[in-house]
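What follows is a short report on a single structure.
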Amino acid sequence: MSIIEKFDPCLLATSSVAPLLFELFAPISLDDLNQKASMLTRLDNKYIVRKPVLKQALPSLAKHFDILEIEQKRIFHYDTCYFDDELLSCYFNHHNGRRQRIKVRTRKYSDAGLCFIEAKIKDIRGITVKKRIACDPDRHGAIDQGARDYIANLYRDFYQKDFDLTLQPQLHMSYQRITLVAKQGHERLTLDTNIRFVKNGRVSSLAEDIFIVESKSRNGNGQADALLRSLHQHPSKGCSKYCLGLCITQGVEKINNFMPALRKLGVLAGSHILESDRE
């Protein structure tokens, strides 16, 4: 079996990167990843990186990182549904730079057959804390009362006040992810590509050569951050995929604080990259 044949046909847009993932990187299992660097509490940096720069970075990254492999796959399909209230309060809390903010989603790890209800919340130090509970994959895109209670209790524990938002699905998203784990130290790097947003039947996909790269480390200044800086890549402010997805699908009008990231992506609200249509 060739390297490319190991991948699902829907991943062929990453075909020029896929061979390097097998040639350069040693594998790490999901169990070993979770023991070594689950990184549910971390400082994040997000970068918008074009494919030529990523290919240039991979040989150096391979010296310091292993790659997640499950059943001979190294690129994995994720489906995510983000929840917010009718006023998009979670979006505007992020847009307006509020310290106390939360994002809620269901995420389906299609290749592993897993699904979780996940909440990302900022603690008083500005560190991202991710909490999650397992759910039935058939329930992806929906949250029941038990999940609502879990989120409300989590919010109350962090901020000592009630969570009063009535959550409903606001944005669906799919993408392919490559996960790298540092050989030494607690650090992870995720590379997301083939990113597709859907809201109210409007579908928008980012350009094939775009990767949203996220470093996760304890101090926000890991090995990957240093390497990316050496290639003149710098963190992008306002690079939340949820917030960018709402901007790109015209789900929201106020986008001022996400303009720098939208420019790096080559889009502004209402732009159509590769595909934009009604489902």
Closer than 3.5 angstrom, by distance alone: can the side chain of [X] be matched with the main-chain N or O of [Y] as a donor-acceptor pair?
X: Asp144; Y: Gly146; value: yes
X: Asp84; Y: Ser89; value: yes
X: Asp225; Y: Gly222; value: yes
X: Arg139; Y: Asp136; value: no
X: Gln250; Y: Cys247; value: no
X: Asp85; Y: Leu87; value: yes
X: Thr193; Y: Ile210; value: yes

| message | One pair to check against salt bridge (Lys or Arg N to Asp or Glu O under 4.0 Å): Glu118 and Lys120. What are the steps and the verdict? | response | CA-CA 7 Å; Glu118 300 182 343; Lys120 293 178 70 175; over 6 Å; no

| task | May I ask you to check whether over 12 heavy atoms, not counting those of Arg99, lie within 6.0 Å of atom CZ? | result | no

| query | Would one find more than 12 heavy atoms of other residues, nucleotides or ligands at under 6.0 Å from atom CD of Gln145? | reply | yes

| request: Name the orientation class of the two ring planes belonging to Tyr175 and Tyr78 (parallel below 30°, tilted from 30 to 60°, perpendicular beyond 60°). | output: tilted

| request: For the pair Phe258 and Tyr91, name the ring-plane relationship: parallel under 30°, tilted 30 to 60°, perpendicular over 60°. | output: tilted

| query | Does the cation-pi check pass for Arg74 over Phe22, that is, NZ or CZ under 6.0 Å from the six-membered ring centre and within 45° of its axis? | reply | yes

| request: With Arg177 as the cation and Phe76 as the aromatic partner, state whether NZ or CZ is under 6.0 Å from the six-membered ring centre and within 45° of the axis. | output: no

| message | Side chains of His140 and Asp138: any donor to acceptor distance under 3.5 Å? | response | no

| query | Regarding Asn153 and Arg148, is there a side-chain donor-to-acceptor distance under 3.5 Å anywhere? | reply | no

| remark: When rounded to the nearest 0.5 Å, the distance separating OH of Tyr47 from CD of Glu214 is 10.5 Å

Side-chain ion pair, [X] and [Y], N-O less than 4.0 Å:
X: Glu208; Y: Lys51; value: yes
X: Lys216; Y: Asp44; value: no
X: Lys183; Y: Asp66; value: yes

Closest approach of [X] and [Y], non-hydrogen atoms and distance?
X: Cys81; Y: His172; value: SG-CE1, 3.5 Å
X: Pro169; Y: Gly141; value: CG-O, 3.7 Å
X: Phe65; Y: Ala224; value: CZ-CB, 3.9 Å

| said: Under the criterion side-chain hydrogen bond (donor to acceptor under 3.5 Å, both in side chains), I'd like the reasoning laid out for Gln100 against Lys122: C-alpha separation, chi angles, the key distance, then a yes or no. | reply: CA-CA 6 Å; Gln100 296 183 357; Lys122 294 286 185 181; over 6 Å; no

